[in-house]
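First up is the structure itself, then whatever we jot down about it.
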Amino acid sequence: MFVIAIDGPAASGKSSVSRLLARKLGCLDVNSGSFYRAATWAVLDAALPLTDESAISSFIAAMDIQCTLQEGHTVLLLNGRDPDAHLRDAAVNKNVSRISSYPDVRRVLTNLLRSLGQRDSLVMEGRDIGSVVFPETPYKFYIDASEEVRAARRYAQGETDSIARRDAQDSSRKAAPLIISEDAHVIDSSHLTLEGVVSEIIGRLKMKGLNVTL
Ligand code: CDP
Ligand code: CDP
């Protein structure tokens, strides 16, 4: 079993790269950001005051979170409801970094994410996968791209998303901030295609001795 950790700032290409890589390797693809987005949607839906860290932490700790696997992806149900249609709502984009900065919220989701790695080989992408969720994996990548390129990518996706603000919040928080792990392989994807990024990752995995059969 293996865990491939992919971290990086918003719109650097993590989700698209992970999806393609997981498809090529025939393993599970886990977008950890969708867990934080789902939790944020549930908090917004419950109309909790967003600055009330203790009420939000208790709410998330008490929530029934079901995570099942379907065709190589995770499917979440929060208190029996499917958050999928709301994950990229402007209100979620706006508030997800705040909710993700609360350590007790992170504890719940980190445990859930770790449990997936105990069951299956996977590619997991996010902000703290190599640094906190799976620090022991030898397969760590940090995907970057210039701020202009990332903003243009998000704009092309038609989203209202202040990525610079979110990156600043994610990098400066105390709990599991976005950092480049010392042992991560950094890829600047500004001038690379998705295929280009994925082949660089596969080359590196082979070099590190992962038995990749394609
Ligand atoms: O797709 P994008 O890179 O814009 O964001 P995402 O991966 O969907 O993550 C949304 C937000 O969730 C991030 O801005 C972080 O605040 C939070 N997040 C986190 O704190 N830790 C993770 N491992 C993944 C996401
Ligand atoms: O998950 P993250 O927010 O890091 O990025 P994404 O949602 O996977 O990618 C943002 C957009 O950039 C998508 O439309 C990708 O197709 C595009 N893109 C990329 O991710 N990487 C490249 N090398 C080129 C384009």
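Order of listing sets the numbers, starting from 1, for every ligand and every atom in it.
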R88 near ligand 1 by a heavy-atom separation under 4.0 Å:
yes
Heavy atoms only, cut-off 4.0 Å: how does Q157 contact ligand 1, side chain, backbone, both, or neither?
neither
Would you mind listing which atoms of ligand 1 come within a distance below 4.0 Å of any non-hydrogen atom of K14?
3 (O)
Can you sort out which atoms of ligand 1 are near A11, meaning under 4.0 Å from one of its heavy atoms?
3 (O)
Pull out every atom of ligand 1 sitting under 4.0 Å from any heavy atom of V96, numbered as shown with elements.
11 (C), 12 (O)
Using the side chain to side chain contact (heavy atoms under 4.5 Å, CB included) definition, which of the options K14, E125, E200, R204 pairs with F141?
R204
Please check: side-chain N/O of S115 versus main-chain N/O of L112, any donor-acceptor pairing under 3.5 Å?
yes
If you count the atoms of ligand 1 from 1 in the order shown, which ones are under 4.0 Å from a heavy atom of G33?
6 (P), 7 (O), 8 (O), 9 (O), 24 (C), 25 (C)
Based purely on interatomic distance, does S15 place a nitrogen or oxygen under 3.5 Å from a nitrogen or oxygen of ligand 1?
no
Applying the side chain to side chain contact (heavy atoms under 4.5 Å, CB included) criterion to L69, which one of V75, V30, D120 satisfies it?
D120
Counting only heavy atoms closer than 4.0 Å, does ligand 1 sit against the backbone of Q169, its side chain, both, or neither?
neither
Decide, yes or no, whether a salt bridge links R150 with D167 under the criterion of side-chain N to carboxylate O below 4.0 Å.
yes
Checking the N or O distance criterion of under 3.5 Å, is ligand 2 in contact with V17?
no
Are R106 and D128 ion-paired here, with the side-chain N under 4.0 Å from a carboxylate O?
yes
S97 to ligand 1: N or O pair under 3.5 Å?
yes
Which of the atoms of ligand 1 are close to R154, meaning less than 4.0 Å from one of its heavy atoms?
1 (O), 2 (P), 3 (O), 4 (O)
Can R127 and D7 be counted as an ion pair, charged N to O under 4.0 angstrom?
no
E125 to ligand 1: N or O pair under 3.5 Å?
no
R106: heavy atom below 4.0 Å from ligand 1, yes or no?
yes
Could you tell me, atom by atom, which parts of ligand 1 come under 4.0 Å of a heavy atom of D128?
21 (N), 22 (C), 23 (N)
Check step by step if side-chain contact (heavy atoms from CB on, under 4.5 Å) holds for L78 and D64.
CA-CA 6 Å; L78 305 184; D64 173 39; over 6 Å; no
Quick note on ligand 1: atoms under 4.0 Å from a heavy atom of S100 include exactly 12 (O), 16 (O), 17 (C), 20 (O)
Can you find an N or O of A10 that's nearer than 3.5 Å to an N or O of ligand 2?
no
If you measure from the Lys or Arg side-chain nitrogens to the Asp or Glu carboxylate oxygens, is any gap between R81 and D45 under 4.0 Å?
yes
Here's a test for you: under side-chain hydrogen bond (donor to acceptor under 3.5 Å, both in side chains), which of S16, S189, S190 qualifies with R153?
S189
